[in-house]
Amino acid sequence: MEFIPFTRPTIDEATIAAVSDVLRSGWLTSGPKVQAFEAQLSAMMDGRTVRSLNSGTAALEIALDLIGIQAGDEIITTPLSWVATANVIVLAGAKPVFVDIDPVTRNIDLAQISAAITPRTRAIIAVDLAGLPVDRDALYALAQQHQLRVIEDAAQSFGASWNGRAIGSFGDLVCFSFHANKNLTTGEGGCLVLPDPALAPLCEKLRLQGVVRAADGTMEVDVAGGKFNLTDIAAVIGLGQLPHLTEFTESRRALARHYFEKFDRALGCELPVADLANSNWHMFQVVLPLDNMSISRGEFIARMKAQGIAIGVHYPPIHLFQLYRGLGYQAGQFPHAEHVGAGIVTLPLFPTMTTADVDRVCASISTVLTEVLS
Ligand SMILES: *Cc1c(COP(=O)(O)O)cnc(C)c1O
């Protein structure tokens, strides 16, 4: 029986050949492939200015820099995300202010944000968990009402949309990740979509040591930039992925639909929102009925592995990590994030998976859970 991973990148032979060509070309770092990749990303984002970076985290770090975040500023975000979302706030010297999630969407509960706003609040980092977009109409209405900037942590929602508009093609600063497990990958990589092309020079400076080169070849540095540029090796992988993005997303959506058809609801798991229009189905996650189970989540994962199926955990709530407890957060503060974080599991979902694989995953979950449910 073949092992089913929880995700797997889809790289075609043409992309592998294109990577070889770059390796033979003598130009490995940022060059013509990066420029071509950025141009295609921009076209996808309705012509908005896009700058490629070597990670999604870099995009978040630069976004915070671009809006001038300083020590003492507060940034509102979700406790249920990859820890990068909050780490970049700490790295910028600002304070992460968590707001609990909506237990249905598992994204930040927009209705609870107002109560967390103080005179020091500068921005909201909204995360589209599993590729399900945060309600953009409500998000931007709220931001406008309170004069806050928005950083969209769209690391998981590349290829997703909001009412027919591609995520990234509108809004404030939008950050994408092209990590190996994301819907579109460059191995490692990311990009930042800018709300104003005039920000591009500063973004480029922050991306590469603060260096500005004049036409005569001389250089000047007036800000300590980082080292966040993408290589041409990575960019050419992205160029090979982009033509398949629609097909990747459609395949994921069809598999998600199949999960909804085949998943046994009588087991008592909490299913994701059945959004078959906006979400890019980066992940299909269910929350286990831990209260009625005689085994832990870890034991459930081990039993699924014994059946040849990999199960992921995305994510433990950020505020319960040592670093964040040290900032004053504690268990009990965000009950929905804690409940979902404790029981959530990521089921296999990737474009080359088959509906028969989905059937097998659903059958194995039924077998494992039926034995341990009280
Ligand atoms: C992957 C991810 C990031 C970070 O992206 P990297 O490319 O790994 O740096 C940030 N936020 C979320 C929600 C992610 O899933």
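Note that the coordinates shown come from a computational prediction; the quantities given were computed from them, not determined experimentally. Just so you know, ligand 1 is whichever comes first in the structure, and atom 1 is the first atom listed for that ligand. The first residue of the sequence shown is numbered 1, and numbering continues consecutively from there.
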**Q.** H244 side, atom NE2; D12 side, atom CG - distance, nearest 0.5 Å
**A.** 3.5 Å
Q.
Less than 4.5 Å apart, side chain to side chain, heavy atoms only: is that true for F6 and F284?
A. no
Q.
When you compare the side chain of P133 with that of S161, does any pair of heavy atoms fall below 4.5 Å?
A. no
Tabulation required: pairs of a nitrogen or oxygen in ligand 1 and a protein nitrogen or oxygen under 3.5 Å; columns are atom names and distance to 0.1 Å; otherwise 'none'.
from, atom 1, to, atom 2, distance (Å)
ligand 1, 5 (O), S177, OG, 3.2
ligand 1, 7 (O), G56, N, 2.8
ligand 1, 7 (O), S177, OG, 2.6
ligand 1, 9 (O), G56, N, 3.3
ligand 1, 9 (O), T57, N, 2.9
ligand 1, 9 (O), T57, OG1, 2.5
ligand 1, 11 (N), D153, OD1, 3.2
ligand 1, 11 (N), D153, OD2, 2.8
ligand 1, 15 (O), Q156, NE2, 2.8
ligand 1, 15 (O), K182, NZ, 3.1

**Q.** Expected output: side-chain T186 to main-chain I237 donor-acceptor under 3.5 Å
**A.** no
(Q) Let's go through F158 and F176 carefully: what are the C-alpha distance in whole Å and the side-chain angles of both, what is the deciding distance for ring pair (Phe, Tyr, Trp, His ring centres under 6.0 Å) to 0.1 Å, and is it a yes or a no? (A) CA-CA 7 Å; F158 194 79; F176 291 111; 4.9 Å; yes
Q) Under the 6.0 Å and 45° cation-pi test, does R207 pair with F228? A) no
